[in-house]
Amino acid sequence: MGNLSAVGITKTIGHNTLLSDISFSLEQGEILGLIGPNGAGKTTLLECLAGLLAVDSGKVCFNTAPLPHGQRSQYLWYQPDDILPFAQHRVATTLHFFQKTLCQSEQTLLQLIERLDLSPVLTRRFQELSKGYKRRVLLAIALLSQQPLLLLDEPFDGFDLRQTLSIIDLLRKFQNGRTFILSIHQLTEAEKICDRFLLLVSGKVLALGTLADLCLQAGLPDTATLEEVFLAIT
Amino acid sequence: MPLPDPQKRCKGSAVSRLIFLQELRSLLLSPALWGMYIIVSLLVGYSFIQAVSLFSQASKTALSYPELASGMNPLEGVFVPTFGAYYLCQTLLLPFIAIRIIGLDRYNGTQKLLLQLPVSTLGLCLLKLAAMGLVWIVSLLPAMAALILWKLSGGHVFWPELFCLITGHALYSLTIITLAMFAATVSDSLPTAAMLCLAATLGSWVLDFAASGKTGFMAFLGNISLAAMLRQFESGLLSSTCILSFLTLGILFFLLTVAWLPPGKPRIHKFFLTVLICCFFVSTHWLAQQKPLYLDVTENQRHSFSPEYTMALQQLDKPLFITIHLSPQDSRLHDLKNDVLGKLQRTVSTLSIDYADYEQSGLFDTGRDEEYGLIEYRYGNKQDKSYSNSQEEILPIIFNLANVKTPRTLAAPHAGFPIVINIEKQKYLFYCGFPFLFLGFAVYCVLRI
């Protein structure tokens, strides 16, 4: 496993700059929270990192070596938000498909099914599920991946507090030294799980660091919450 | 740079097999597929029963008059109309199935996950194409049933002709499927993709219709339309030009799909790849036109002269010029092309054909001068002319000009295959049997997959 770094990622569509010169690096086993208001460019940044969106300039490196577009999927797994993978298939079929294609063990899949309480919906079709169950299935697919870097878009969206806490626990259990980038808009949850934060506003990095670093940058005491820091900086 | 954990990556073949099965499941869960199968069964049944009925009626007369029997050919009389049902389905229904295999994955986000699996974009597209190929093969079941019924009823089948016909439909389907995949790749919604695809297929159909009876550029365009290329296979004449044109069209759209599918590649790369792929297509198409090869696979060799005539014609070492004073819409020109000119073009490499400028202004306006209808022949410094469009009269003229003795044809005239069959009772196989079978499978798939 190794470090990921993004250098000068810029993405424009027409005259709109979606991402402007984004640079950051990650240590192995770190959890980076990508926070920012709606439309800040969080999903765009994740898709650019995963190679699913072309960038105008900038590069993604793994252990300082540039990671070509075609090799990204060997190192990164990106779980998009709000997708309906194989919507007409049964949940069990879809989970088994990803378990096998991602070369994951049957035991891991069974653990995920148990931890995410997916047993009641295994025989149902994905498109028929409630929003909460859809999110859980997507999370299960993400955790079946074995790439050293996992990019999750809004993993806590659609969950209540108890479920969110359970998922935070699950993510920690399944981390196994992997590096996570989580795009989160619930700041309370982000504070609970992330080691560092990248505050993105209008496609620009406003702050990057631990909560203590952000407090310092915002001129707030160490005891300030992420919400207070966010409001102060933005 | 080594992989982080290569041991944990699955073998490509295992992943490919899983993706192929998943694509098949997606197709089997598509109501459109089963709808197409049911419609194919009904159309094939109707076409087959009508064709056999007409063939039998014509055969009754032919059995009394042997000279009429030589024209009784099961390929043109039965199989081409039967497979005509496939032409309709391939043009109007198959694109909707093929669009789904790319389009649905794009619009519901599955593609974002598929592109991250350990399989290349080319591999992914090939697997989708393979799944569609299997679906197409299953759609041939009603035609196979028709073929078995025909054989069991004592009907004659000449396998090379039938193989040529099926090859034509396979290549046509390949083109339609890859076109639909490409349309789904570059469109922002499934309806737009369907519109693009239908515009191309129906446009080609209209082009073929509009170009009939035209000369020059319109005739060239008409000849490269999908319908015209398929017609050549239907006639039992395998042509390298048509095979290569179909194949390159299929490969063109397939490669364009591969080039445009990955959303993360910069647009400039995609345009560059598109230009390269189009250059490959144009050059292959041009090469295919340069020295066409033909194989007459018909049982009565109706697209070729007899071996004796062919040998005699191949002795012509000087250019043979033919000038035709007929308007493009004249049916005599159509017969002349089918019976003589096409065969001459495939036999005599030094042949040059000119058409005098005649534009027909009305349906029955057949000409304005005495030369209308005349066909002039020039070989070396000798020339001749005739109004005949019959092979039996034209070939002696050419042999006389070339000082070649008109050979005697040794082959016995083709006897034909007239047969009177009543398959009215078997219509239930196509109108009930197959539709209910497909419906049953559709229900099974919905319940079990």
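Letters go in sequence order (proteins before strands), and every chain restarts at 1. Please read these numbers as outputs of a predicted model, since none were measured by experiment. What's counted below: heavy atoms across the whole structure, side chains too, no hydrogens, waters or symmetry copies.
Ring pair A:Phe126/A:Phe86: centre-to-centre distance not below 6.0 Å. Aromatic pair B:Phe271/B:Trp260: centroids less than 6.0 angstrom apart.
Of the two parts of A:His69, only the side chain, counted from C-beta on, holds a non-hydrogen atom closer than 4.5 Å to a non-hydrogen atom of chain B. Proximity to chain B is absent for every atom of A:Arg72, based on heavy atoms less than 4.5 angstrom apart. With a 4.5 angstrom heavy-atom cutoff, B:Leu113 touches chain A via backbone and side-chain atoms both. Heavy-atom distances place both the backbone and the side chain of B:Ile19 under 4.5 Å from chain A. With a threshold of 4.5 angstrom between heavy atoms, A:Gln127 does not approach chain B through any atom at all.
Remark: A:Arg136 is positioned above the aromatic ring of A:Tyr133, its terminal NZ or CZ atom under 6.0 angstrom from the ring centre and at most 45 degrees off the axis.
Between chain B and the options A:Gln88, A:His96, A:Glu47, heavy-atom pairs under 4.5 Å are most frequent for A:Gln88.
Within 6.0 Å of CD in A:Gln107 there are 12 or fewer heavy atoms belonging to other residues, nucleotides or ligands.
Between A:Phe98 and A:Trp77, the angle of the ring planes goes over 60°, which puts this pair in the perpendicular group of the 30/60° scheme.
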